[in-house]
Amino acid sequence: MVSHSELRELLCSADAVCFDVDSTVIQEEGIDELAKFCGVEAAVSEMTRRAMGGALPFRDALTERLALIQPSREQVQRLLAEHPPHLTPGIRELVSRLQERNVQVFLISGGFRSIVEHVAAKLNIPATNVFANRLKFYFNGEYAGFDETQPTAESGGKGKVIGFLKEKFHFKKIIMIGDGATDMEACPPADAFIGFGGNVIRHQVKSSAKWYVTDFVELLGGLEE
């Protein structure tokens with residue numbers, strides 16, 4: 001059993017730190033914001049709660065929600081222009097500190113690449129370090145589904161991404177940080193999981209995570225010790 005102090009040591013000696021995005025790096029759930037923008041907020045929010053609680057297979061939840069939203073390319077672009085996601089307080093400083101220590105930072109999200117790349121750019125994270133789902137559009141810009149071959153499109157996908165990163169870069173220690181069940185399930189192959197409840201508290205995660213924080217300042221402090 002990994003102790004709290006051992007988790008702190010792992011964070012300080014990590015080769016890479018992987019962050020969930022929705023309700024972790026940003027304050028919103030990207031798919032809920034897209035649903036709100038497209039006028040189907042209530043139904044989609046309920047599906048998101050069920051998916052994040054682990055009650056519904058992720059691919060099923062994603063398929064059902066997108067079938068309701070039917071977002072066009074123009075709507076996605078307008079959402080980013082008119083209602084860009086808000087970074088969670090402290091995340092910019094935490095990512096900068098990790099990068100100063102030559103720690104690789106990755107964003108692994110069940111959300112959409114177009115939104116996550118926008119967030120990554122704000123944090124000086126290269127697009128090559130982004131793993132997220134790809135929306136597909138017809139030539140006229142209408143919704144045409146999503147790329148089901150992406151590992152993040154299925155349950156257990158975040159763990160598959162971390163396994164891929166370990167194999168490709170030979171990382172010895174990878175930390176996963178996130179608010180949801182899909183983040184917690186990525187450990188293993190992640191060497192440690194840190195639960196985050198600064199935007200939304202998922203009780204399953206709070207009760208199970210060995211290290212649970214509600215403010216990124218605590219993680220910054222852990223790096224300084």
Task: Which atom of F112 lies closest to which atom of A132, heavy atoms considered - done: C-CB, 4.1 Å

- [ ] Decide yes or no on side chain to side chain contact (heavy atoms under 4.5 Å, CB included) for F19 and V95, but give the supporting numbers first.
- [x] CA-CA 10 Å; F19 289 91; V95 169; 4.3 Å; yes

Task: Minimum heavy-atom distance between V119 and P85, given as atom pair plus value - done: CG2-CG, 3.8 Å

Open item on the list: Looking at every non-hydrogen atom in both residues, tell me the closest pair between G178 and T24 and how far apart they are.
Closed with: CA-OG1, 3.6 Å

Task: H170 versus E167, closest heavy-atom pair with distance - done: CE1-O, 3.6 Å

Open item on the list: Determine whether a donor-acceptor pair (N or O, by modelled atom type, separation under 3.5 Å) exists between the side chain of S72 and the backbone of G141.
Closed with: no

Open item on the list: I'd like to know if the side chain of D183 reaches the main chain of I177, judged simply by a donor and an acceptor atom lying under 3.5 Å from each other, with no hydrogens or angles considered.
Closed with: no

- [ ] Any salt bridge (charged side-chain N to carboxylate O under 4.0 Å, His left out) involving residues 66-87? Give me the pairs, sequence neighbours left out, ordered by first then second residue.
- [x] R78-E82

Task: Distance in Å, E93 CD paired with L98 CG, rounded so as to fall on 0.5 Å steps - done: 12.0 Å

Task: Point-to-point distance, once rounded to the nearest 0.5 Å, from CD1 of I174 to CD1 of I108 - done: 7.5 Å

Task: Spacing of S114 atom OG and F137 atom CZ [to the nearest 0.5 Å] - done: 6.0 Å

Task: V130 and V21: CA distance, side-chain angles, deciding distance, side chain to side chain contact (heavy atoms under 4.5 Å, CB included) verdict - done: CA-CA 10 Å; V130 170; V21 178; over 6 Å; no

Open item on the list: Tell me if a side-chain donor or acceptor on T88 pairs with a main-chain N or O of V25 at a distance below 3.5 Å.
Closed with: yes

TODO: To the nearest 0.5 Å, tell me how far S96 OG sits from N124 CG.
DONE: 6.5 Å

Task: Any donor-acceptor pair under 3.5 Å from Q75 side chain to L34 backbone - done: no

Open item on the list: Per the ring pair (Phe, Tyr, Trp, His ring centres under 6.0 Å) rule, what does the pair list look like for residues 147-169, sequence neighbours excluded?
Closed with: F169-F171

Open item on the list: Within this structure, what is the CG-CD1 distance for the pair L123 and I91, rounded to the nearest 0.5 Å?
Closed with: 6.5 Å

- [ ] Output the distance between atom CG (L165) and atom SG (C18), rounded to the nearest 0.5 Å.
- [x] 5.5 Å

Task: V17 and I194, any side-chain heavy atoms less than 4.5 Å apart - done: no

TODO: Taking all heavy atoms of D191 and all of K173, pick out the closest pair and write down the distance.
DONE: OD2-CA, 3.2 Å

Open item on the list: Going by side-chain hydrogen bond (donor to acceptor under 3.5 Å, both in side chains), name the pairs with one or both residues in residues 129-139, residues two or more places apart or in two chains.
Closed with: Q104-N129, N133-T152

Task: Under the salt bridge (Lys or Arg N to Asp or Glu O under 4.0 Å) test, residues paired with E33 that sit two or more places apart - done: K36

- [ ] Decide yes or no on side chain to side chain contact (heavy atoms under 4.5 Å, CB included) for D32 and E41, but give the supporting numbers first.
- [x] CA-CA 6 Å; D32 289 350; E41 177 185 10; 5.8 Å; no

Open item on the list: Is it the case that atom NZ in K122 sees more than 12 heavy atoms from other parts of the structure closer than 6.0 Å?
Closed with: yes

Task: Sequence neighbours excluded, every pair satisfying salt bridge (charged side-chain N to carboxylate O under 4.0 Å, His left out) that has a member inside residues 102-114 - done: R113-E117

Open item on the list: I'd like to check the side chain to side chain contact (heavy atoms under 4.5 Å, CB included) partners of T63; sequence neighbours left out, ordered by chain and number.
Closed with: R59, F146

Open item on the list: So which atom in G159 and which in P189 form the shortest heavy-atom distance, rounded to 0.1 Å?
Closed with: O-CG, 3.2 Å

TODO: State, yes or no, whether a side-chain contact exists between L66 and L135 at a heavy-atom distance under 4.5 Å.
DONE: yes

Task: Side-chain donor/acceptor of D179 to backbone N/O of F196, under 3.5 Å - done: no

Open item on the list: Working note: K158 + D20, criterion side chain to side chain contact (heavy atoms under 4.5 Å, CB included); need CA distance, chi angles, decisive distance, verdict.
Closed with: CA-CA 9 Å; K158 292 180 180 180; D20 169 54; 3.0 Å; yes

